[in-house]
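Please read all numbers here as calculations on a predicted model, not as lab measurements. Count residues from 1 along the sequence.
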Amino acid sequence: MYNNKPGNRAAAVNGNSPCSWKTGKAGSCNDGLLASDNTKFSGDFTTNQSFDSTTVDVGDWVCFMMSVKKPSYNAPNGRWKHSVMKCVGIKGDLSGTTVNPLTYSYYPSIDIESRVDNIGGYPKIDNFKSQDYKRLYPWRIIEAKFTAMPSSSIGDAQGNACDTIESKYSSTFISGSCKDDISTGSDLFPDDSASQFKTGSSQKDTPDPIGTWTCYTLRYRNNPQPLSTLRADIDSYVADNNDSNSSSTNSRWTDGYWDHYHSAVTDDDGNVITPGYYHGHGTTRNADNIWNGYYNETPNPSPATYTYTDYERTSCSVSGIYPKVQVRGGDLRVDGDIVTSKTPIVPPANYRGQYGSFGEYAVLSSGLIQGMGSGAGLNGGQNSNDQIIDWNALTFSNNDQNILGNFNGGVTSSFNYTNPIEVEGDLTINNGNAAQFTSGRKIYDVSGTVFITATNLFYADSYQSTEELPRVAIKADNIVVASNVTRIDPWLITGGVLNTCGDSSFNPDEFGGFASADLTINKCGNPLVFNGPVLASQVYLLRTAGSRDAYPEPSAVGRRSLSEPAEIFNLRPDVYLSSFSNNVTPNPVAATDRIIDLPPRF
């Protein structure tokens with residue numbers, strides 16, 4: 001276990017045992033989850049293990065790896081081979097304001113939750129004449145938009161909430177974006193509970209430019225003044241105390257002042273020697289003095305100060321895009337799951353509601369299909385109330401409209417070739433050698449990874465006959481495409497991974513998956529078009545192009561821009577015509593063999 005995510009998690013071969021190589025926190029390393037019996041093994045094996053997590057704390061990182069001593073028969077006895085470390089961060093229920101989701105598309109639809117720890121011993125209670133007056137802590141959740149995530153917290157501040165935020169973050173604050181009424185209340189701390197939770201939701205009222213950060217903070221008054229009911233009670237007591245009678249109107253207090261009448265003094269003849277008069281007994285009270293004694297008590301309410309929850313990454317959402325992929329001119333066949341995303345657009349009304357990836361014809365998967373339309377069903381968007389089955393007319397499934405794909409039987413493909421050009425080790429295709437991969441009829445068989453960095457790998461625009469059509473196939477263990485590449489015409493075949501964004505830090509074997517790629521609209525933002533067949537075991541489509549509306553008002557052009565894909569897989573006619581190249585048939589002629597009438601598909 002570690003206090004922070006360890007920086008070096010790569011595999012290694014060295015002379016260190018597991019716990020002497022990766023020590024972690026003192027006493028936390030455990031190399032006995034899968035103890036060896038010192039016997040040889042061959043092939044793969046699977047094991048399920050567990051460990052005692054009672055010592056794991058919030059903020060810890062728990063990492064796992066497999067280590068083998070003497071990994072080969074001729075290795076020294078003290079040699080160890082260690083696998084890549086897989087790590088999991090432990091997140092606790094932390095104070096502050098959090099949002100979900102972390103990324104939204106144009107119109108924020110964000111749920112907010114604030115948790116505030118009661119570290120100040122709230123609430124403060126004033127006691128007057130045997131009665132408690134608990135002070136109120138007004139609070140509000142505030143929304144503000146920025147061009148970059150706020151880098152520091154506000155802490156305690158005075159004055160209007162929106163003015164405070166705009167002043168603090170003047171360089172990144174978007175003018176007019178602050179809303180201080182997302183959720184409000186008159187008392188954050190009704191009792192002395194350890195924590196208080198408040199919730200709210202965004203108002204979804206504006207389309208935000210890509211990259212806009214919508215952030216939330218909860219503020220509460222940390223020095224509220226005494227209650228007005230206390231002041232009224234003080235005024236009532238003082239009036240009762242200072243009147244001329246000796247009786248109290250409230251049983252909570254006794255009358256501390258009254259007027260006593262002294263009768264007139266007369267002589268024997270009844271003549272007044274001294275007139276009668278009233279004489280006060282006890283002490284009169286001043287209401288302002290009593291009130292100020294409570295008011296000036298710590299914390300003094302003047303001036304009013306407010307505590308803001310911190311701006312952490314978890315308290316902000318960024319306006320992003322959900323990139324699309326389109327398969328044109330052919331079917332999409334996958335022996336596994338198809339997982340893509342949709343962009344839901346609700347306001348304004350003349351935008352259609354669902355934008356997503358699609359295949360022009362059939363989509364077949366032996367696993368589940370999520371977010372992918374068939375029969376070009378999501379071309380141009382669909383109404384938000386459309387059912388999934390409405391934009392999946394050519395998706396093969398198990399006759400369950402709620403489950404797409406997952407039909408019986410796997411999808412298999414084969415590629416036969418003769419006389420390949422064999423390349424040992426990795427191969428980089430750059431602008432210097434790109435020409436040899438865009439002409440002729442040949443197959444490259446690479447026993448390593450192919451890195452495509454050439455700006456484009458495209459065939460010529462015109463040819464005199466079909467025999468001139470190129471047909472180039474590139475087969476490799478893995479294929480990685482750099483961000484500057486926008487078009488690839490050769491066939492691509494890999495039994496491993498096809499990665500369309502070689503500039504990202506994405507590693508499919510690393511914990512965190514796509515999140516580890518740290519993709520933005522400025523990273524791999526070019527569209528990429530494949531004009532030849534593509535066969536791969538795993539396809540990671542990491543381009544961030546398209547799917548964004550650059551127009552301020554709804555329009556047909558704007559709606560089309562929301563449908564623009566990041567990756568396009570074309571199956572063009574030249575793929576078929578190239579079968580006749582290389583002097584097989586110089587001038588092929590298409591002949592009608594038979595005609596079958598089918599009902600039209602609308």
What heavy-atom pair brings [X] and [Y] nearest, and what distance separates the two atoms?
X: Pro470; Y: Ser578; result: O-CB, 3.7 Å
X: Ile141; Y: Gly200; result: CD1-N, 4.4 Å
X: Thr214; Y: Glu143; result: CG2-CG, 3.8 Å
X: Thr466; Y: Leu577; result: CB-O, 4.4 Å
X: Ser202; Y: Ser109; result: OG-CA, 3.5 Å
X: Gly502; Y: Val480; result: CA-CG1, 3.4 Å

[atom1] of [X] to [atom2] of [Y]: how many Å apart, nearest 0.5 Å?
X: Thr544; Y: Tyr322; atom1: OG1; atom2: OH; result: 14.5 Å
X: Asp426; Y: Asn478; atom1: CG; atom2: CG; result: 9.0 Å
X: Lys324; Y: Tyr355; atom1: NZ; atom2: OH; result: 10.0 Å
X: Leu528; Y: Arg543; atom1: CG; atom2: CZ; result: 4.5 Å
X: Arg487; Y: Asn526; atom1: CZ; atom2: CG; result: 15.0 Å
X: Met65; Y: His82; atom1: CE; atom2: NE2; result: 5.5 Å

Do [X] and [Y] come close enough that some side-chain heavy atom pair is under 4.5 Å?
X: Tyr2; Y: Met85; value: yes
X: Ile112; Y: Thr97; value: yes
X: Ile488; Y: Asn531; value: no
X: Phe451; Y: Ile429; value: no
X: Thr212; Y: Tyr104; value: yes
X: Arg471; Y: Trp491; value: yes
X: Pro150; Y: Phe173; value: no
X: Ile568; Y: Phe530; value: no

Any donor-acceptor pair under 3.5 Å linking the side chain of [X] with the backbone of [Y]?
X: Glu468; Y: Gln464; value: yes
X: Thr340; Y: Gly371; value: yes
X: Asn433; Y: Thr428; value: yes
X: Gln382; Y: Gly377; value: yes
X: Glu113; Y: Thr98; value: no
X: Thr494; Y: Asp477; value: yes
X: Asp337; Y: Ile369; value: no
X: Ser366; Y: Gly336; value: yes
X: Ser547; Y: Glu564; value: yes
X: Asp489; Y: Tyr459; value: yes

Check each of Ile338, Leu378, Val334, Val339 against Met372 using the side chain to side chain contact (heavy atoms under 4.5 Å, CB included) test, and report the only one that passes.
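Only match with Met372 under side chain to side chain contact (heavy atoms under 4.5 Å, CB included): Ile338.
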* Positive for side chain to side chain contact (heavy atoms under 4.5 Å, CB included) with Tyr216, one of Ile110, Ile142, Thr309 ->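 It is Ile110, the one option of Ile110, Ile142, Thr309 that forms the side chain to side chain contact (heavy atoms under 4.5 Å, CB included) with Tyr216.
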Closer than 4.0 angstrom, basic N to acidic O: yes or no for [X] and [Y]?
X: Arg572; Y: Asp574; value: yes
X: Asp503; Y: Lys523; value: no
X: Asp181; Y: Lys179; value: no

- Query: What do the steps show when you test Cys87 against Arg9 for side-chain contact (heavy atoms from CB on, under 4.5 Å), and what is the final call?
  - Reply: CA-CA 9 Å; Cys87 298; Arg9 302 181 301 279; 3.6 Å; yes
Next item on the list: Taking the six-membered ring for Trp and the single ring otherwise, decide whether the centroids of Tyr311 and Tyr169 are under 6.0 Å apart.
Entry: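 Yes, the ring centres sit under 6.0 Å apart.
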**Item:** Pair Thr199-Asp111, side-chain donor/acceptor within less than 3.5 Å
**Value:**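 No, no side-chain donor-acceptor pair sits under 3.5 Å.
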message = Side chains of Thr500 and Glu567 only: does a donor on one sit below 3.5 Å from an acceptor on the other?
response =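 The answer is yes; a qualifying pair exists.
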Checklist entry - When you look at Leu427 and Phe437, which way does the side-chain contact (heavy atoms from CB on, under 4.5 Å) test go after all the steps? => result CA-CA 12 Å; Leu427 170 66; Phe437 297 93; 3.9 Å; yes
*Can Thr486 and Asn456 be said to form a side-chain hydrogen bond (donor to acceptor under 3.5 Å, both in side chains), step by step?*
CA-CA 6 Å; Thr486 59; Asn456 289 292; 2.5 Å; yes
Does Asn431 form a side-chain contact (heavy atoms from CB on, under 4.5 Å) with Thr455? I'd like the steps, not just the answer.
CA-CA 7 Å; Asn431 289 328; Thr455 306; 3.5 Å; yes
> Would Phe146 and Ile165 count as a side-chain contact (heavy atoms from CB on, under 4.5 Å) if you check the C-alpha gap in whole Å, the side-chain angles of each, and the deciding distance to 0.1 Å?
Replying inline: CA-CA 10 Å; Phe146 306 87; Ile165 292 172; 3.8 Å; yes
